[in-house]
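Report on one structure; see the data block that follows.
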Amino acid sequence: MNSDNPVITTLNDGVLAITLNRPDKLNAFNAEMSEAFLQAFVRADEDNTVRAVLLTGAGRAFCAGQDLGDRDPRKMTEPPDLGHTIETYYNPVLRRMRAMEKPIICAVNGVAAGAGANIALACDIVLAARSAKFIQAFSKIGLIPDSGGTWILTRLLGEARAKALAMTAEPLMAETAEQWGMIWRAVDDDTLAVESQTLAAKMAAGPTAGLGMIKSAIHQAATQSLDQQLDLERDLQREAGRSEDYAEGVTAFLEKRAPVFKGR
Ligand code: LHQ
């Protein structure tokens, strides 16, 4: 681990902690940080010893989105190709986060703006410090919500709130985000670290394969009919029922003790 790295990763007891680490730029993404962030999620997905991810930011912010200093229009001879940046960094990481069958906990420790807000919302369980706010900052600079923003905001909040947040770029405080169902919980600032670490540790000690199937089934529900979903649940439950963790869970229940899950 090197504290100069733009993304710090540490693995403890199955929890891969991924910390965005450009605090003087409010953890805004430049190319180096984007590449490191993508590699952190490739590892999270592919390393079998990782059973849960805990994503947070260093310093007073969670993430201020794309580094706007990187593309100063005054220093450019022609308009930038933002689609290239999205295709190279943001979309691969978003796809990986959503597809990986492991829980991702997000601890939003401060302001989450632009792509930073939508990366937080792409996580599976989002806790936020009460002082944190979410800003769909894009429209302030003539852009549209990316990193899955138009998709996730609409699903979590419905069109009315999604459009107003995106078009006004008004900050949404963590407590309102909780009340609106945009995040799981707003917690006191000084308890966020402990609460998110406890939750991530609980996930990492859980039945990883089963938790992954829950994530996948809930994602698929967004686009399937009830009939299709009932079939999917049957198939996944068949698979879950064959896992060592299911046998352990039932045995532990019958023996009136805590289960010891292995994640398979
Ligand atoms: C920053 C940034 C930042 C650089 C704060 N960049 N330095 C776009 C394009 C391309 C492809 C892919 O996708 C995207 C997606 C996007 O994410 S577009 C949206 C980009 N983000 C924003 O528009 C947010 C810009 N930042 C802000 O509005 C404010 O900084 C927020 C509301 C986040 C925080 O406000 P304050 O708490 O008042 O802090 P501050 O503004 O004073 O910022 C502190 C420092 O961080 C400051 O640097 P300085 O050297 O003056 O201390 C800022 O310049 C720097 N910073 N965000 N995105």
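All ligand and atom numbering here is 1-based and tracks the order in the structure.
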Problem set entry | Check: Thr251/Arg257 side-chain N/O donor and acceptor closer than 3.5 Å | no
For this session: Answer yes or no: does an N/O atom from Gly69 fall short of 3.5 Å to an N/O atom of ligand 1?
Result: no
For this session: Identify whether the distance between the nearest side-chain nitrogen and carboxylate oxygen of Arg130 and Glu175 falls below 4.0 Å.
Result: yes
For this session: Any pair with a residue in residues 91-109 that passes salt bridge (Lys or Arg N to Asp or Glu O under 4.0 Å), sequence neighbours left out, goes on the list, sorted by first then second residue, please.
Result: Asp45-Arg96, Glu46-Arg96
Exercise. Applying a 4.0 Å heavy-atom criterion (strictly less than), which segment of Asp146 is in contact with ligand 1: side chain, backbone, both, or neither?
Worked result: side chain
Exercise. Could Arg264 and Glu244 be called an ion pair, given the rule that one side-chain N must be under 4.0 Å from one carboxylate O?
Worked result: yes
Problem set entry | Non-neighbouring partners of Leu11 that pass side-chain contact (heavy atoms from CB on, under 4.5 Å), sequence neighbours left out | Leu16, Arg43, Asp47, Thr49, Val50
Problem set entry | Ala64, any N or O under 3.5 Å of ligand 1 N or O | yes
Problem set entry | Within-cut-off N or O pair, Leu82 and ligand 1, under 3.5 Å | no
Seminar exercise, completed: To atom 17 (O) of ligand 1, the nearest of Lys133, Gln66, Arg22 on a heavy-atom basis is Gln66
Exercise. Between Arg71 and ligand 1, is there a nitrogen or oxygen pair with a distance under 3.5 Å?
Worked result: no
Exercise. Under 3.5 Å, N or O to N or O, is Arg60 touching ligand 1 that way?
Worked result: yes
Problem set entry | Heavy atom of the protein closest to atom 32 (C) of ligand 1 (residue, atom name, distance) | Ile135 CD1, 3.6 Å
Problem set entry | Test item: protein heavy atom less than 4.0 Å from atom 51 (O) of ligand 1 | no
For this session: Answer side chain, backbone, both or neither: which part of Leu143 comes under 4.0 Å from ligand 1, heavy atoms only.
Result: side chain
For this session: Report yes or no: do Glu35 and Gln39 form a side-chain donor-acceptor pair below 3.5 Å?
Result: yes
